[in-house]
J.: 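After the structure tokens below, expect a handful of questions from me.
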Amino acid sequence: MATPHIAAEPDDFAPAVLMPGDPKRAQRIAEAVLDGPRLVSDVRGMLGFTGTHEGKPLSVMGSGMGQPSFTIYATELFSQFGVQRIIRVGTAGGIGKDVHVGDVVIATGAHTDSAMNQLRVPGVNFSAVADFHLAQAAWAEAEAAGMTDRVHAGTIISRDHFYFTPEGQTEALSRYGTLAVEMEAAALYGTAAEYGTQALAVLTISDHLLDHSGDMSAEDRETRFQDSLRLAVAAALS
């Protein structure tokens, strides 16, 4: 059942999919957490793998960058391949005053400056929220692992622009309790709501946009996501 962006058979994907943005990171995650990973799709270089983790089926696939790209893959996975839950595993820029580089954010909701969700229900400011049970499972894993001193749960913002930000907006969001900035979660949550499925974003803080202290190098971004990956796997298989 190939779609325009995924070349796979109907049963090639597990019910739960971990989705980092980078397809190379998807391959590294698959090799790290899956037993017997097999490549199930590589259209446009967006790699997807399926295997098992502790005996349970699990898939990993890249999403690309930005809300339009994520929406394409999430829509096809939910509507054509029987996927029931997608957990975004990515990086974000911290803006919360208690959030530090290397911490993990469980994104319970996502503000956005995008029109992606505004078009879903005319006349409504759609609330892009994570699935409660997935967020609860991720937090429970953080508690069990003694990680709650470096794990935060709360709202983030998903922006369309990477390099452009209206003056004062980041500071205002921080005052309103927003923890971090990234570019995909709001669209993922909207797509999951459309298909009656489950979604969550678990994010490693790679830099802090307000104090710029301890920003990760490109190499660090590729290696310091083990905490978020642990929580994402726990949520995926809960």
Side-chain angles (χ1 to χ4, degrees), residues 21 63 65-68 70-71 74 86-140 142-143 147-194 198-216 221 225 227-228 231-232 235:
S63 70
M65 291 187 290
Q67 299 185 71
F70 208 118
T71 299
I86 292 176
I87 293 84
R88 164 162 155 68
V89 187
T91 56
I95 62 174
K97 62 182 179 63
D98 296 322
V99 173
H100 305 289
V101 172
D103 286 358
V104 176
V105 168
I106 300 168
T108 57
H111 313 301
T112 187
D113 57 8
S114 173
M116 296 288 289
N117 288 335
Q118 288 181 352
L119 303 176
R120 292 188 177 280
V121 184
V124 170
N125 291 321
F126 181 85
S127 294
V129 296
D131 179 82
F132 172 78
H133 297 288
L134 296 187
Q136 185 180 49
W139 184 260
E143 288 185 321
M147 294 165 49
T148 54
D149 61 328
R150 58 184 186 277
V151 177
H152 312 265
T155 56
I156 63 169
I157 180 169
S158 302
R159 283 179 172 150
D160 273 348
H161 283 275
F162 186 85
Y163 289 111
F164 171 75
T165 303
E167 184 176 354
Q169 185 187 83
T170 300
E171 291 80 2
L173 285 164
S174 179
R175 289 197 303 273
Y176 274 74
T178 308
L179 301 177
V181 178
E182 53 86 83
M183 300 183 69
E184 289 84 18
L188 168 61
Y189 294 172
T191 305
E194 178 182 358
Q198 298 174 291
L200 179 68
V202 183
L203 308 165
T204 300
I205 300 301
S206 59
D207 58 336
H208 202 287
L209 302 187
L210 296 181
D211 64 25
H212 304 287
S213 59
D215 293 2
M216 286 187 185
R221 291 169 189 255
F225 60 85
D227 286 349
S228 59
L231 304 189

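Along the sequence shown, residues are numbered consecutively beginning with 1. Quick caveat: nothing in here was measured; it's all calculated off a predicted structure.
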J.: Determine yes or no for a side-chain-to-main-chain donor-acceptor pair under 3.5 angstrom, with Ser63 supplying the side chain and Phe70 the backbone.
T.: no
J.: Going by the rule side chain to side chain donor-acceptor pair (under 3.5 Å), which residues pair with Glu143 if we only count those two or more places apart in sequence or in a different chain?
T.: Trp139
J.: Provide the closest heavy-atom pair for Ala180 versus Ile95 in the form atom of the first, atom of the second, distance.
T.: N-CG1, 3.8 Å
J.: Nearest heavy-atom pair of Ala232 and Ile87: which atoms, and what distance?
T.: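 So the two residues come closest at CB-CG2, 3.5 Å.
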J.: Have Thr165 and Thr170 got a donor and an acceptor in their side chains that come within less than 3.5 Å?
T.: no
J.: Compute whether any side-chain donor of one residue and acceptor of the other, for Asp98 and His152, lie under 3.5 angstrom apart.
T.: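 No.
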J.: According to side chain to side chain donor-acceptor pair (under 3.5 Å), who are the partners of Thr112, at least two apart in sequence or on a separate chain?
T.: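 Result, side chain to side chain donor-acceptor pair (under 3.5 Å) vs Thr112: Gln67.
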J.: Would you check if there is a donor-acceptor pair between the side chains of Thr191 and Arg120 at a distance under 3.5 Å?
T.: yes
J.: Please list, chain by chain and in numerical order, all residues satisfying side chain to side chain donor-acceptor pair (under 3.5 Å) with Ser174, sequence neighbours excluded.
T.: none
J.: Where do Thr108 and Ala153 come nearest, in terms of heavy atoms and distance?
T.: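 Nearest heavy atoms, Thr108 then Ala153: CG2-CB, 4.2 Å.
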J.: Not counting sequence neighbours, list each pair that qualifies as a salt bridge (Lys or Arg N to Asp or Glu O under 4.0 Å) and has a residue in residues 125-137.
T.: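 Residue pairs passing salt bridge (Lys or Arg N to Asp or Glu O under 4.0 Å), neighbours aside: none found.
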J.: What pairs with Glu171 under salt bridge (charged side-chain N to carboxylate O under 4.0 Å, His left out), at least two apart in sequence or on another chain?
T.: none
J.: With sequence neighbours left out, write down each residue that passes side chain to side chain contact (heavy atoms under 4.5 Å, CB included) with Phe126, or none if nothing qualifies.
T.: Asn117, Ala128, Ala193
J.: Could you tell me if the side chain of His208 sits less than 4.5 Å from the side chain of Lys97, heavy atoms only?
T.: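 Of all side-chain heavy-atom pairs linking His208 with Lys97, none is under 4.5 Å.
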J.: Of all the heavy-atom pairs spanning Ala185 and Ala201, show the shortest one and how long it is.
T.: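 That would be CB-CB, 3.9 Å.
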J.: How close do Gln198 and Leu134 get, heavy atom to heavy atom, and via which atoms?
T.: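 Gln198 and Leu134 have their closest heavy atoms at CB-CD1, 3.7 Å.
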J.: Taking only residues two or more places apart in sequence or in another chain, which ones pass side chain to side chain donor-acceptor pair (under 3.5 Å) with Gln118?
T.: none
J.: Using the test side chain to side chain contact (heavy atoms under 4.5 Å, CB included), find all partners of Ala199 that sit at least two apart in sequence or belong to another chain.
T.: Leu188, Tyr189, Ala192
J.: If you look only at pairs with a residue in residues 179-189, which of them pass as a salt bridge (Lys or Arg N to Asp or Glu O under 4.0 Å), with sequence neighbours excluded?
T.: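 Counting only pairs at least two positions apart or across chains, the salt bridge (Lys or Arg N to Asp or Glu O under 4.0 Å) contacts touching residues 179-189 are Arg88-Glu182, Arg88-Glu184.
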J.: Can you pull out every salt bridge (Lys or Arg N to Asp or Glu O under 4.0 Å) where at least one residue sits in residues 108-119? Sequence neighbours excluded, please.
T.: none
J.: Taking the side chain as C-beta and beyond, is there a heavy-atom pair between Val104 and Leu231 under 4.5 Å?
T.: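 Val104 vs Leu231: side chains touch.
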J.: Identify the two heavy atoms, one from Ala130 and one from Ala107, that lie closest to each other, and give their separation to 0.1 Å.
T.: CB-O, 3.3 Å
J.: For Thr155, check side chain to side chain contact (heavy atoms under 4.5 Å, CB included) against everything at least two apart and list the hits.
T.: His111, Thr178
J.: Which pairs count as ring-ring contact (aromatic ring centres under 6.0 Å, His included) when at least one residue sits in residues 157-177, sequence neighbours excluded?
T.: His161-Phe164
J.: Within the 4.5 Å heavy-atom criterion, are Ile106 and Leu200 side-chain neighbours or not?
T.: yes
J.: Report yes if the side chains of Ile205 and Val105 come closer than 4.5 Å at any heavy-atom pair, otherwise no.
T.: yes
